[in-house]
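All residue numbers in this chain count up from 1 along the given sequence. Both ligands and their constituent atoms are indexed starting at 1 by order of listing.
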Amino acid sequence: MAADDTDRSTPSPLSIALASVLERARPKTSGAVASYIPELALEDPDQLGIALASVRGTVHEAGDSDAEFTIQSVSKPFVFALALEQSGLAEVTRHVGLEPSGEPFNAISLDEHTGRPLNPMINAGAIVTSSLVRGDRADEKFSVISAGLSAFAGRSLDVDEAVFASEQATGDRNRALAYLARSAGTLASTAEVATTAYFRQCSLTVTARDLAIMAATLANGGVNPITRERVVSEDVARWTTAVMTSCGMYDASGEWLVRVGLPAKSGVGGGIAALQPEQFGIGTFSPRLDARGNSVRGVAVLEELSERHGLHMLEHREAPLSPIDEISVGGASSDEVAGDEVVAMLRGDLNFGNVEEVLTRLMPLLESEGRLVLDFGAVTRVGAPAVRLLLWAADAAGPAPDGLPRVELRDPDGVLDVDLAG
Ligand code: GLN
């Protein structure tokens, strides 16, 4: 297992908070362990675990966070990410759509015009996604999938051969979905190759801790926060997270988005992976499922966590601190610069909204003869699009009569030196 900052001998305050949420959910014993894959029915239904991995690489855990179970459908977003990384969004979406289906995970889902399954988070779409992964044979595709999912987890994941055999023996509905996609022209391999790779992918074993790190890798823009390996690009991480947001909980996705508000994916093995972009990933494990195939206690735990700690991705944050810390007029104009010089000290992270505030409030202070200095000394981060907007605005202001730029971007720490190509 990869090294990290976790000291498991002294529970962190966060682990204690996680444990208390688990205890609230523990009495919920409704639902049933999946049995349509017979081997899954052998799982101990009382297991309950959670882990939270921050994008800075700290992991907090409570309960059965190290218990192994099969990843099942939680593999779907990660294999989708691998397919996107390999072939790009345009090619992948020729084969599978991006629309929530509002239907159960095993629905016969093929768009009547395009022949595409509605989305990659339901079985039909996931089998098509697995068929897109590089390799002609099932074992070639699976080795790409297994290496990719292991990179997301930061450790080498193994197959539960008993669950795999059980899926193979009982997977005719999935084969039927594959044959339908094949006949519609959207499956990129034979049905046999696609379903074998898919069954093996579903039979990879993980822990709640693994799921937390896998989700945190998406939250971290595609870089595993523990190993620091870039697994997929930022664009791919964002696209994958978007599809988890709209489709990750099957026909409960809309309600989930309102109540919990975290991009997530569930599986019939009892796992759920959820994430808050730029902050953390969470993995939960509890095998009893509701009628939609989502873990009863996993859903309860994530609902409670989101509510207690204000984790909803659309949570309204109070009026943010102004990015303009201080404005001084004329004070710095001891040199020969004509007219007044306005110096504005900026601060914090400059996103689009903050740059809008800076430009809207400060540009009118620019006298026809004067200069405006934007000082980035206390700015912590500016994204490339915001830098482009600032450079464009500064350029559009043109030079002062003395030839100096009318808008100077003073950047002592080089926060504006970002890669503008991408
Ligand atoms: N392997 C399972 C199946 O194909 C995965 C389904 C799930 O986790 N929802 O039926």
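The proximity of C202 to ligand 1, defined as any non-hydrogen pair under 4.0 Å, is limited to the side chain. Here E167 has side-chain heavy atoms under 4.0 Å from ligand 1, and that is the only part of it that gets that close. The part of Y36 lying near ligand 1 is the side chain, judged by heavy-atom distances below 4.0 Å. Neither the backbone nor the side chain of N106 has any atom closer than 4.0 Å to an atom of ligand 1 (non-hydrogen atoms only). Looking at N123 against ligand 1, only its side chain comes within 4.0 Å, counting heavy atoms.
Geometric assessment of R200 against the ring of F142 yields a positive cation-pi assignment under the 6.0 Å and 45° thresholds.
Within a 6.0 Å sphere centred on CZ of R308, heavy atoms belonging to other residues, nucleotides or ligands number more than 12.
Atom 1 (N) of ligand 1 has its closest protein heavy atom at Q72 OE1, 2.6 Å. Scanning the protein for heavy atoms near atom 8 (O) of ligand 1, the closest one is S73 OG, 2.6 Å.
A salt bridge is absent between D66 and R209; no separation between the charged side-chain nitrogens and carboxylate oxygens falls under 4.0 Å.
Considering only residues two or more places apart in sequence or on other chains, R406 meets the side-chain hydrogen bond (donor to acceptor under 3.5 Å, both in side chains) condition with none of them.
Relative ring orientation between Y36 and F105 is described as tilted, the plane-to-plane angle lying within the 30° to 60° band.
In terms of polar-atom proximity, Y198 is counted as a contact of ligand 1, with an N or O under 3.5 Å from an N or O of the ligand. For ligand 1, the polar-atom distance check against G269 finds no nitrogen or oxygen pair separated by under 3.5 Å.
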